[in-house]
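Residue numbers start at 1 and run along the sequence shown.
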Amino acid sequence: MRGDDTDNMLTAVRSVCYVSAGIFLLRFVTDGTRLKKQAAFVMKLVFAVVFASAVIKGFMEFELPEISQYEASDYSQAADRYRKEAAEKAAENISDVLCSQLEAAGIDVKELQTEVNISEDGSIDISRVIVRSADPAAAAELIRKSLGQETEVINETD
């Protein structure tokens with residue numbers, strides 16, 4: 001809240017409190033007299049007017065904040081993070097599938113790492129596969145059969 005809004009709110013609350021205290025005092029003073037009903041009616045009217053004016057003034061001064069105050073249009077960090085997380089998960093899944101295929105073919109795999117890039121349009125590009133195995137040539141051949149001949153396969157040695 002801005003300072004002006006806080007001051008206006010405090011003024012409205014004080015006004016309502018003063019009028020409420022006035023009604024109480026008037027009831028206390030006029031208790032048992034013939035003017036009791038008329039005085040109570042007048043004070044209730046004053047209370048209603050003060051309360052209504054505070055509410056109306058609040059509605060008249062009410063304004064919605066401009067959208068430009070918020071960083072609503074800057075989601076680039078979230079999009080970059082999403083692409084990074086999706087690339088890591090895709091690389092992990094591809095590595096798991098390739099390991100399963102290599103093990104099913106009887107090729108012992110010590111380590112397999114897949115590098116993946118995800119473009120702006122969401123397409124997945126497998127950059128390269130790094131493999132450490134007892135038979136690197138057979139592993140590279142099977143990986144290329146699975147992912148395509150243009151896939152770069154790097155054989156690491158111990």
[X] versus [Y]: any side-chain heavy-atom pair under 4.5 Å?
{"X": "I130", "Y": "E115", "answer": "yes"}
{"X": "L98", "Y": "L147", "answer": "yes"}
{"X": "I154", "Y": "V131", "answer": "no"}

Exercise. Residues two or more places apart in sequence or in another chain: which of them pass side-chain contact (heavy atoms from CB on, under 4.5 Å) with K89?
Worked result: E92, N93

Problem set entry | With sequence neighbours excluded, residues passing salt bridge (Lys or Arg N to Asp or Glu O under 4.0 Å) with E111 | R132

For this session: Measure from the side-chain N and O atoms of T114 to the backbone N and O of I94, and report whether any donor-acceptor pair falls under 3.5 Å.
Result: no

Exercise. Looking only at atom types and distance, does a side-chain atom of S123 sit under 3.5 Å from a main-chain N or O of S119, one as donor and one as acceptor?
Worked result: no

Problem set entry | Among I107, L102, L112, side-chain contact (heavy atoms from CB on, under 4.5 Å) partner for S133 | I107

Exercise. Do V129 and I124 share a hydrophobic cluster (ILVMFWY, side-chain heavy atoms under 4.5 Å, transitive)?
Worked result: yes

Can you tell me how far the [atom1] atom of [X] sits from the [atom2] atom of [Y], to the nearest 0.5 Å?
{"X": "R128", "Y": "N117", "atom1": "CZ", "atom2": "CG", "value": "10.5 Å"}
{"X": "E152", "Y": "S127", "atom1": "CD", "atom2": "OG", "value": "8.5 Å"}
{"X": "I118", "Y": "R83", "atom1": "CD1", "atom2": "CZ", "value": "8.5 Å"}

Exercise. Taking atom types as modelled and ignoring hydrogens, do the side chains of S146 and Q101 form a donor-acceptor contact shorter than 3.5 angstrom?
Worked result: yes

